[in-house]
Chemist: 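This is the structure I want to talk about, given as structure tokens.
Proteins come first, then strands; the chains are lettered A, B, ... in the order of their sequence lines, and each starts at number 1.
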Amino acid sequence: MEKGLHPIINTGGDTPQMTMIEQKLQQAVADALNRLYSLEVSPDTVVLQATKKEFTGDYTVVVFPYVKQARRSPEQVANELGAMVKESVSEVAGFNVIKGFLNFEIADNYWIDFVSEKHLDTSFGFKKANPDEAPVVVEYSSPNTNKPLHLGHIRNNLLGWSVSELLAANGANVKKVNLVNDRGIHICKSMLAWLRFGNGETPESSGMKGDHLVGKYYVEFDKHYKEEVRQLMDKGMEEEEAKKQAPLMLEAQQMLKRWEEGDKEIRDLWTKMNEWVYAGFDETYRKMGVGFDKIYYESNTYLLGKELVQKGLDMGVLYRKEDGSVWCDLTGDGLDQKLLLRRDGTSVYMTQDLGTALLRHNDFGAEQLIYVVGNEQDYHFKVLKLILGKLGFDWADKVYHLSYGMVELPNGKMKSREGTVVDADDLIAEMEVTAEEMCRDHGKNDDMTPDQLKALYHMLALGALKYFILKVDPTKNMLFNPAESIDFNGNTGPFIQYTHARICSIVRKAAEQGVNLQDTLSSPVTLTDKERAVVKCLHDLPSTVASAAANFSPAMIANYAYDLAKSFNSFYQDTPILRETDANLRLFRVKLCSLVAVSLKNAMRILGIEVPERM
RNA sequence: GGUUCCGUAGCUCAGCUGGAUAGAGCAACUGCCUUCUAAGCAGUAGGUCCUGCGUUCGAAUCGCAGCGGAAUCACCA
């Protein structure tokens with residue numbers, strides 16, 4: 001990822017006094033280095049890391065970088081630093097040194113105060129957005145209206161939604177937008193096939209979801225088109241030529257031309273079929289739990305793109321070939337010539353993307369324009385930014401392509417022709433069935449109403465699916481193994497949902513027993529190792545949100561939620577909570593539980609996953 | 001062929017700007033439910049971090065080369 005292009009992510013801490021222990025330590029170490037050895041060290045370059053489990057301590061400073069200049073042995077530097085920092089930072093209860101590693105132990109009181117202050121804060125981990133700030137606009141989904149959504153779109157939608165939530169959690173003023181690719185040759189193919197072979201079939205007459213119906217005719221087109229190409233080739237035509245000359249293809253191109261000319265008949269058919277598709281998409285979006293602040297349609301923006309092309313011609317940064325097609329010469333940038341208008345004057349993908357970029361910039365005055373689009377389009381976005389720059393837009397560098405990896409299946413890539421696409425609606429439906437089976441097997445929810453059960457199945461199904469996809473680094477290609485995706489054990493969404501439900505159960509019972517979370521602790525408590533591990537994990541949430549946002553990586557949030565859940569379960573396994581007889585200790589532990597529940601809920605919310613109070 | 005990305009346990013993935021003995025889950029094997037939800041917990045086994053060279057006190061992480069894989073280089077989107 002091009003780090004230099006990551007702009008404007010606000011990475012400050014949220015509530016200073018509690019999250020600044022790290023900075024405090026770094027500052028103290030830097031000061032000590034200066035006083036002891038006269039070294040000028042910037043605090044943020046002090047390497048501070050969590051102490052590994054096998055050593056005692058909470059934070060570790062690596063002193064190797066300073067030993068040469070200090071002219072002391074690593075151990076000596078570490079000991080001298082440790083002693084001085086212990087004096088200056090009240091939270092430091094002690095330290096130990098192993099080789100060049102200086103391990104600081106933080107006083108339990110610090111952790112206990114942290115839990116006491118935060119456990120009732122339902123927005124723990126989130127920063128507030130400033131509504132006056134220029135927004136960050138995130139485009140995602142961007143479907144074509146000629147076929148239903150599939151697994152690839154699912155990753156896009158989940159990522160787009162989650163990254164938006166993530167940036168918002170980190171304090172950005174986020175606007176989610178969708179750019180519907182509702183025009184173009186692909187739609188004409190569906191329309192043509194429907195006219196030719198459809199016999200007037202509608203979603204109502206067939207009982208088929210609109211997007212699936214239109215998709216059916218897209219496949220139908222391809223089938224007949226292939227047949228035509230084969231026939232031409234049998235007559236001795238070269239394949240390349242046959243693909244151009246097949247009557248269906250010529251007719252589709254003709255239809256596109258008529259569409260751009262505003263032919264009423266074509267436009268009416270187009271409107272009708274697109275409406276079918278939108279009704280289908282809306283249902284899928286609703287089931288996935290994603291949505292948008294604004295929806296753009298390319299049919300409304302492509303003309304602006306054409307105007308831009310004209311402007312580019314006037315400016316002399318674009319040129320027209322003899323056949324009438326318009327191009328941009330990018331050879332000076334190490335790239336190639338790029339077509340912007342076809343010979344027949346119709347626009348291509350790039351043309352309309354120029355238009356939408358300008359429109360969006362004008363609409364929002366955005367600080368940043370993020371496009372969640374697969375890495376197969378890396379080249380496209382490189383070119384888009386270049387051309388915007390050539391057209392004289394100084395905001396071209398605000399365009400950021402959030403490029404994510406492809407989804408592969410165990411037996412290779414998805415190919416619509418070979419019927420190996422995983423349909424989004426089918427997948428969700430299967431997950432719901434699995435969730436229902438799992439719940440039945442466990443039999444823990446027999447007293448829930450049918451509506452409650454249905455909602456629970458849906459929540460768990462989506463939790464499993466979303467977590468499975470979002471837990472992997474977005475920039476990487478991922479393998480979607482259906483068998484593993486429906487697993488509810490281990491590093492999965494339902495595991496985290498389950499942990500949340502368990503905690504809710506404890507908190508409910510605590511209330512029944514008269515434990516009042518508003519009460520303050522009557523005396524200090526002594527933390528067990530497992531408690532301390534849980535608290536430290538909780539303490540990391542704000543900084544995890546900040547770094548996940550800086551990296552546009554929901555995966556970092558998913559991993560965090562998993563670590564927290566695991567840490568909690570380990571604690572829960574062998575630590576009495578409600579069974580604890582010391583009322584003060586019991587109160588602390590319930591507070592701790594409550595903060596874990598809040599943190600899990602908030603982390604999962606960033607992923608677009610809801611958590612149940614019972615399951 | 002040019003460009004870009006990737007290569008960590010049998011499989012799927014973590015491993016933050018270089019730091020201590022490389023971690024999880026799944027699969028396999030052992031234990032733990034008369035006790036707060038066992039969708040859990042604890043443990044065993046499993047590694048040439050693709051290979052080689054280099055930079056460094058220190059490399060899975062940075063650089064170069066090679067091998068292997070993917071994407072892209074359309075008058076498709």
Chemist: Suppose you measure atom P in B:G23 against the same atom in B:C5; what distance do you get, rounded to whole Å?
Modeler: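 29 Å, rounded to whole Å.
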Chemist: Is the backbone of A:Leu340 close enough, under 3.5 Å, to the side chain of A:Thr351 for a donor and an acceptor to pair up by distance?
Modeler: yes
Chemist: Does B:A20 have A:Phe101 stacked on its base, where the ring centres are within less than 5.5 Å and the planes differ by under 30°?
Modeler: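 Yes, aromatic ring over the base.
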Chemist: Any ion pair linking A:Lys382 and A:Asp378 (charged N to carboxylate O, less than 4.0 Å)?
Modeler: no
Chemist: Check the phosphate of B:G19 against A:Thr60, side-chain N and O only, distance under 4.0 Å to OP1 or OP2. Yes or no?
Modeler: no
Chemist: Tell me every residue that passes side-chain hydrogen bond (donor to acceptor under 3.5 Å, both in side chains) with A:Tyr457, counting only those two or more places apart in sequence or in another chain.
Modeler: none
Chemist: When the nearest nucleotide of RNA chain B is assigned to A:Phe571 and to A:Asn477 on a heavy-atom basis, which residue is associated with the more 5' position?
Modeler: A:Phe571
Chemist: Just to confirm, is there a sub-4.0 Å distance from OP1 or OP2 of B:U72 to any side-chain nitrogen or oxygen of A:Tyr379?
Modeler: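 For B:U72, OP1/OP2 do not have a side-chain N/O of A:Tyr379 under 4.0 Å.
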Chemist: Is B:C33 syn or anti, taking syn as a glycosidic angle within 90° of 0?
Modeler: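 Judged by the O4'-C1' to base torsion, B:C33 sits in syn, the angle falling within 90° of 0.
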Chemist: Distance to the ring centre below 6.0 angstrom and angle to the axis at most 45 degrees; does that hold for A:Arg155 and A:Tyr404?
Modeler: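 Ring-cation test returns no.
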Chemist: Is any side-chain N or O of A:Lys382 closer than 4.0 Å to OP1 or OP2 of B:U4?
Modeler: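 Answer is no, no contact under 4.0 Å.
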Chemist: For A:Leu48 and A:Phe495, find the nucleotide of RNA chain B closest to each by heavy atoms; which residue's nucleotide sits nearer the 5' end?
Modeler: A:Leu48
Chemist: Is the shortest distance from a Lys or Arg side-chain nitrogen in A:Lys536 or A:Asp58 to a carboxylate oxygen in the other one below 4.0 Å?
Modeler: yes
Chemist: Which nucleotide, B:A14, B:C11, B:C75, lies nearest any side-chain atom of A:Glu484?
Modeler: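 Ranking B:A14, B:C11, B:C75 by closest atom to the A:Glu484 side chain puts B:C11 first.
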Chemist: Is the phosphate of B:C36, meaning OP1 or OP2, less than 4.0 Å from a side-chain N or O of A:Arg589?
Modeler: no
Chemist: Could you tell me whether A:Gln497 contacts a base, only the sugar-phosphate backbone, or nothing, with contacts defined as non-hydrogen atoms closer than 4.0 Å?
Modeler: nothing
Chemist: For B:A20 and A:Lys52 - does any side-chain N or O of the residue sit under 4.0 Å from the phosphate oxygens OP1/OP2?
Modeler: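 The answer is yes; a side-chain N or O of A:Lys52 sits under 4.0 Å from OP1 or OP2.
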Chemist: Looking at B:C41, I'd like to know if its phosphate oxygens (OP1 or OP2) sit under 4.0 Å from a side-chain N or O belonging to A:Ser570.
Modeler: no
Chemist: Can you find a side chain N or O atom of A:Lys509 that sits less than 4.0 Å from OP1 or OP2 on B:U37?
Modeler: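 Indeed, a polar side-chain atom of A:Lys509 lies that close.
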Chemist: Does a nitrogen or oxygen in the side chain of A:His186 sit under 4.0 Å from OP1 or OP2 of B:C76?
Modeler: no
Chemist: Is A:Phe64 stacked on the base of B:G58, with ring centres under 5.5 Å apart and planes under 30° apart?
Modeler: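 Here the ring of A:Phe64 and the base of B:G58 are not stacked, as the 5.5 Å and 30° limits are not both satisfied.
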Chemist: Can you tell which of B:C11, B:A20, B:A24 lies closest to the side chain of A:Ile98?
Modeler: B:A20
Chemist: Does OP1 or OP2 of B:A70 have a side-chain N or O of A:Asn375 closer than 4.0 Å?
Modeler: no
Chemist: Hunt down the Watson-Crick or G-U wobble partner of B:A59, both distances under 3.5 Å, from any strand shown, or write none.
Modeler: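 For B:A59, the partner nucleotide comes out as none, under the 3.5 Å rule.
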Chemist: Quick one: sort the A:Tyr349 and A:His380 rings into parallel, tilted or perpendicular, breaks at 30° and 60°.
Modeler: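 Parallel: the ring planes of A:Tyr349 and A:His380 meet at under 30°.
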Chemist: Which listed nucleotide (B:C36, B:C75, B:G40) is nearest to the side chain of A:Asn569?
Modeler: B:G40
Chemist: Is the phosphate of B:A74 approached by A:Arg342 (side-chain N or O, under 4.0 Å from OP1 or OP2)?
Modeler: no
Chemist: Any side-chain N or O of A:Lys471 under 4.0 Å from OP1/OP2 of B:C13?
Modeler: no
